[in-house]
Each structure stands twice: as C-alpha cells, then as structure tokens.
Amino acid sequence: MAVNNTKLAAVADAENPAVVCCDVDDSESSIDFAGRANWLRAAVLGANDGLVSTASLMLGVSAVKPEARAMVVSGFAGLLAGAFSMAIGEYVSVCSQRDVEIAELDQAGKRGGDEEKALPSPAQAAAASALAFSVGALLPLLAAGFIVGYNLRVAVVVVVATLALAAFGCVGAVLGRAPVARSCARVVVGGLAAMAVTFGFMRLFRASGV
C-alpha cells in the first residue's frame with residue numbers, strides 16, 4: 001500500500017501544471033529583478049562619475065582662483081560637458097550594439113518581431129546616462145553655490161562629496177551583492193584621492209604664479 005501511494009503521488013505531481021507555472025514565474029521574477037539591479041547600478045555609477053569629476057574640477061580651479069564665482073562656473077561647465085559627453089558616448093555605444101543585434105536578427109529571420117522591440121533604445125540610454133551624471137554633479141555644485149568663505153566652501157564640498165560617495169558605494173554594494181563596508185571604503189578613498197591629486201597639482205600653478 002505504501003508503494004502504491006508513493007507511485008500515485010508521483011504521478012499526480014508529474015501531471016500537476018501548477019508546480020511548473022510557479023517555477024516559471026519565479027525565474028521570470030528573478031530575471032526582471034536582475035535587469036533592474038543592473039540598470040540601477042549603472043545609474044549609481046554614472047552619478048558617482050558626475051560627483052567625482054565635478055568636485056575634482058571645482059577643487060582644482062579653486063586651488064588657483066579662490067573666488068566663489070570661478071568655482072561655481074567651473075562646476076557648472078563640468079556638469080554640462082560631462083553630461084553631454086556621457087550622453088553622446090552612451091548613444092554611440094548603444095547604436096553600435098543595436099546594429100549588431102539587428103544584423104543577428106536578420107540572419108535568423110526574426111526582424112520585425114518582439115525581439116526587435118526588446119532591443120535597447122540609444123536615446124533612452126543617452127538620456128539616462130546624462131541624467132545620472134547631472135544628479136551626481138549637482139551635489140558639489142549646490143554645496144559651493146551658497147558659501148562665500150573660501151576655506152569653508154572647500155571643506156563643505158569635500159564633506160558633501162564624501163558623504164555622497166559613501167551613499168553611492170553602499171547602494172552599489174547592495175545592488176551588486178558585495179560587502180558594503182569594503183565597497184563604501186573603496187569608493188570614498190578613490191574619490192578623495194582624485195580630488196586631492198587634482199587640487200594638489202593645480203596648487204602648483206598658483207605657487208608658480210602661472
């Protein structure tokens with residue numbers, strides 16, 4: 001009897017479609033989550049790039065010209081230049097990727113189907129890249145825009161950049177399932193090194209009177 005019951009249960013499980021459907025749904029959910037995580041991590045990296053490059057540029061200019069206007073104008077110029085550069089680079093990159101994938105669809109005879117609709121959009125990728133860079137660049141720019149004193153302005157930019165870098169590192173670690181402390185330390189140390197090196201080199205121009 002126990003053997004017969006076991007066989008009947010096995011047959012019932014094999015003929016039960018609910019188990020298969022649940023497995024498919026779980027795998028699709030995990031794939032969707034992985035796609036969102038990759039997109040969010042790319043956005044965090046773009047914002048981190050905007051933060052580090054703009055803060056380093058502002059500190060470098062302030063090492064030569066301590067006026068608040070020079071620092072703010074250089075930061076705004078860095079925001080515009082970086083955002084447009086990121087957008088153009090991402091647009092060209094995604095266009096090249098899209099062309100390759102379309103060629104593969106042509107060879108497989110699947111052109112015009114759902115596969116083509118699922119291809120990445122160059123314009124969307126460019127806009128997302130520019131937006132992420134701009135968000136990161138705005139943080140040091142806004143921090144310096146309302147402070148008159150030179151020393152305090154530089155200190156505030158460094159503090160705001162450090163806190164933002166720690167936050168970006170934490171978010172990136174969570175999305176990438178990496179150790180949070182090590183990821184935050186790596187991002188903060190790297191950003192501070194970039195700002196310090198830029199400020200130090202530009203300080204040489206002020207010392208030499210150039």
Counting distance only, does the side-chain N/O of T54 pair as donor-acceptor with the main-chain N or O of G50 below 3.5 Å?
yes

Looking at Y150 and S62, would you say the former's side chain and the latter's main chain have a donor-acceptor pair under 3.5 Å?
yes

Hydrophobic cluster membership, F168 vs F133, 4.5 Å side-chain cutoff:
no

Would you find a donor on one side and an acceptor on the other, under 3.5 Å apart, between the side chain of T198 and the backbone of M195?
no

By salt bridge (Lys or Arg N to Asp or Glu O under 4.0 Å), D106 pairs with (sequence neighbours left out) R111

Same cluster or not: L152 versus V154, using hydrophobic residues (I, L, V, M, F, W, Y) connected whenever any side-chain heavy atoms lie under 4.5 Å apart?
yes

Using atom types as modelled and distance alone, determine if a side-chain donor or acceptor of R153 lies under 3.5 Å from a backbone N or O of V148.
yes

Less than 4.5 Å apart, any side-chain heavy atom of V94 and any of Q124?
no

L139 with V52, same ILVMFWY side-chain cluster at under 4.5 Å
yes

Can L141 be reached from I147 by stepping across I, L, V, M, F, W or Y side chains whose heavy atoms are under 4.5 Å apart?
yes

Any donor and acceptor pair, going by atom type alone, linking the side chain of S183 with main-chain N or O of G169 inside 3.5 Å?
yes

State plainly whether one hydrophobic cluster holds both V157 and V160, where clusters connect Ile, Leu, Val, Met, Phe, Trp and Tyr through side-chain heavy atoms under 4.5 angstrom apart.
yes

Which pairs with one or both residues in residues 81-104 pass side chain to side chain donor-acceptor pair (under 3.5 Å), sequence neighbours excluded?
Q97-E101

Can you tell me how far CG of L165 sits from CG of L192, rounded to the nearest 0.5 angstrom?
6.5 Å

